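Notes to accompany the following structure.
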Number of protein chains: 2
Amino acid sequence: MQNGHEGQQSRKRNSRETCLEPCAIERGMRVIGGKWTGSIIYHLKDEPVRFNDLVRMLGGASKKMIDQRLKELESRNMVVRKVLNDRPVAVSYELTDFGRSALKVLDAVRQWSEANDI
Amino acid sequence: MQNGHEGQQSRKRNSRETCLEPCAIERGMRVIGGKWTGSIIYHLKDEPVRFNDLVRMLGGASKKMIDQRLKELESRNMVVRKVLNDRPVAVSYELTDFGRSALKVLDAVRQWSEANDI
DNA sequence: CGGGATCCTCAAAGATACTG
DNA sequence: CAGTATCTTTGAGGATCCCG
């Protein structure tokens with residue numbers, strides 16, 4: 001009564017990392033649609049930003065979240081982490097060219113949101 | 001040791017419905033970046049689609065999920081539910097003008113995904 | 001300053017079964 | 001066909017403390 005049979009739908013564990021959905025929109029959204037991901041990228045659009053500055057800019061997201069998303073983005077080569085100083089510790093994050101390529105999309109989202117009072 | 005104090009960050013319960021984030025990208029993403037939401041809208045782009053057809057098109061999402069997202073989209077006036085027949089039951093979903101306005105954004109996502117092998 | 005390690009919770013998502 | 005109802009799992013996300 002609890003295994004075998006292959007229910008009406010299956011497939012699990014595609015939560016993060018190289019999503020295999022057939023729909024390109026779905027795949028793309030998993031990369032830049034995650035909670036805070038778009039905001040982070042967008043706040044890096046002009047210049048490198050230091051970790052705690054990012055935390056302040058995104059008032060509402062925890063350090064843990066931001067750290068987590070930044071690592072995700074780093075592993076996808078969308079942002080680069082740079083150590084500015086050792087003592088006291090200082091690092092900054094900036095977009096790669098690939099990361100910058102997502103800005104077009106994000107800006108479309110932003111404009112749509114604003115135009116429709118989302 | 002487990003209440004009072006107002007930790008370094010707070011704010012909860014903005015999961016769904018009228019998100020108050022200051023960042024427009026974040027707000028927009030909560031509307032069209034949800035799991036399956038973008039795909040659903042995109043699959044309705046050309047014509048009304050019936051419920052079970054949608055389920056088939058998005059192989060991988062459960063009926064429950066799709067139903068849930070459709071109701072979300074309906075309540076935001078992005079899709080309209082139409083009863084085609086009573087016996088046997090037949091309904092279809094189609095985009096409103098507002099729903100269609102999101103297609104530009106979604107298409108940007110799709111193109112970006114495909115261009116970068118996401 | 002920039003995190004890492006823990007613990008905890010709740011809500012989202014999955015599985016399965018049922019119905020008008 | 002187009003959903004509802006229910007139960008369970010899981011893991012994302014929050015809170016807190018700590019550290020070099």
Side-chain angles (χ1 to χ4, degrees), chain A residues 1-17 19 21 26 30 33-37 39-40 48-74 79-93, chain B residues 1-17 19 21 26 29-30 33-37 39-40 48-74 79 81-93:
Chain A
M1 204 183 273
Q2 67 192 4
N3 72 7
H5 278 102
E6 305 290 327
Q8 78 178 356
Q9 49 260 140
S10 36
R11 185 181 344 230
K12 346 183 134 180
R13 175 117 344 213
N14 50 2
S15 47
R16 294 295 158 195
E17 83 235 353
C19 161
E21 291 306 328
E26 209 51 45
R30 307 286 167 96
K35 204 172 180 178
W36 307 114
T37 309
S39 305
I40 290 177
V49 179
R50 296 188 46 185
F51 183 79
N52 277 323
D53 289 339
L54 217 39
V55 173
R56 276 172 222 117
M57 293 166 122
L58 308 172
S62 66
K63 295 210 270 181
K64 180 185 164 190
M65 275 297 87
I66 298 182
D67 175 57
Q68 211 168 88
R69 292 284 105 92
L70 282 171
K71 287 192 170 144
E72 244 174 66
L73 291 170
E74 230 194 315
V79 307
V80 178
R81 184 184 119 113
K82 285 192 176 160
V83 177
L84 305 176
N85 209 327
D86 269 335
R87 242 197 69 272
V89 184
V91 305
S92 76
Y93 291 88
Chain B
M1 203 182 272
Q2 66 194 2
N3 72 5
H5 278 99
E6 304 292 325
Q8 77 179 357
Q9 49 260 138
S10 35
R11 184 178 349 224
K12 344 185 136 177
R13 176 126 336 220
N14 50 3
S15 46
R16 294 295 160 193
E17 84 236 354
C19 163
E21 290 307 328
E26 209 53 42
M29 281 301 191
R30 306 286 167 96
K35 204 171 181 179
W36 306 114
T37 308
S39 304
I40 289 176
V49 179
R50 299 191 41 189
F51 184 79
N52 277 325
D53 288 339
L54 216 40
V55 173
R56 275 172 222 116
M57 292 167 123
L58 307 172
S62 68
K63 296 210 268 181
K64 181 185 161 191
M65 276 297 86
I66 297 182
D67 175 57
Q68 211 168 88
R69 292 286 105 91
L70 281 171
K71 287 192 170 142
E72 244 175 66
L73 291 170
E74 231 194 314
V79 307
R81 183 185 119 113
K82 286 192 174 158
V83 178
L84 306 177
N85 210 325
D86 268 335
R87 241 198 71 272
V89 184
V91 305
S92 75
Y93 291 88

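By convention in this document, chain letters (A, B, ...) are assigned in the order of the sequence lines, proteins followed by strands, and residues within each chain are numbered from 1. Fair warning: this is a prediction, and the values are worked out from it, not measured in the lab.
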Figure out the CZ/P separation between A/Arg50 and C/dC1, and round it to whole Å.
7 Å

Whole angstroms only, please: what is the CZ-P distance between B/Arg81 and D/dA2?
9 Å

For a side chain to side chain contact (heavy atoms under 4.5 Å, CB included) check, start with the C-alpha distance between B/Lys63 and B/Asn52, then their side-chain angles and the critical distance, and finish with the verdict.
CA-CA 8 Å; B/Lys63 296 210 268 181; B/Asn52 277 325; 4.1 Å; yes

Filtered N/O pairs between nucleotides 4-6 of chain C and protein, under 3.5 Å:
from, atom 1, to, atom 2, distance (Å)
C/dG4, OP1, A/Lys71, NZ, 2.6
C/dG4, OP2, A/Asp67, OD1, 3.4
C/dG4, OP2, A/Asp67, OD2, 2.7
C/dG4, OP2, A/Lys71, NZ, 2.5

Round to the nearest Å and state the distance from B/Trp36 atom CH2 to C/dA12 atom C1'.
14 Å

Measure CD1/B/Ile66 against C1'/C/dA13 and give the value in whole Å, please.
13 Å

Picking from C/dG2, D/dA2, D/dG13, the nucleotide nearest the side-chain atoms of B/Phe51 would be D/dA2

Using the test side-chain contact (heavy atoms from CB on, under 4.5 Å), find all partners of B/Lys71 that sit at least two apart in sequence or belong to another chain.
B/Asp67

Starting at atom NZ of B/Lys82, determine the distance to atom P of D/dA2, rounded to an integer number of angstrom.
16 Å

Checking the side chain of A/Glu26 only, and the main-chain atoms of B/Trp36 only, is there a donor and an acceptor separated by less than 3.5 Å?
yes

Interatomic distance, B/Glu72 atom CD to B/Arg69 atom CZ [nearest 0.5 angstrom]:
4.5 Å

Test salt bridge (Lys or Arg N to Asp or Glu O under 4.0 Å) on B/Asp53 and B/Arg50; report intermediate values, then the result.
CA-CA 5 Å; B/Asp53 288 339; B/Arg50 299 191 41 189; 5.2 Å; no

Tell me, do A/Val83 and A/Arg81 make a side-chain contact under 4.5 Å, heavy atoms counted?
yes

Under 4.0 angstrom between B/Tyr93 side-chain N/O and D/dG3 OP1 or OP2:
yes

When rounded to whole Å, the CD to C1' distance for the pair A/Gln68 and C/dG3 reads 13 Å

Ignoring the backbone of A/Val89, work out which of C/dC1, D/dG13, D/dA2 is nearest its side chain.
C/dC1

Could you state the atom-to-atom distance from CZ of A/Arg69 to C1' of D/dG14 in whole Å?
13 Å

Interatomic distance where NZ belongs to B/Lys35 and P belongs to D/dA12 [whole Å]
10 Å

Do B/Tyr93 and B/Ile40 have side-chain heavy atoms sitting under 4.5 Å apart?
no

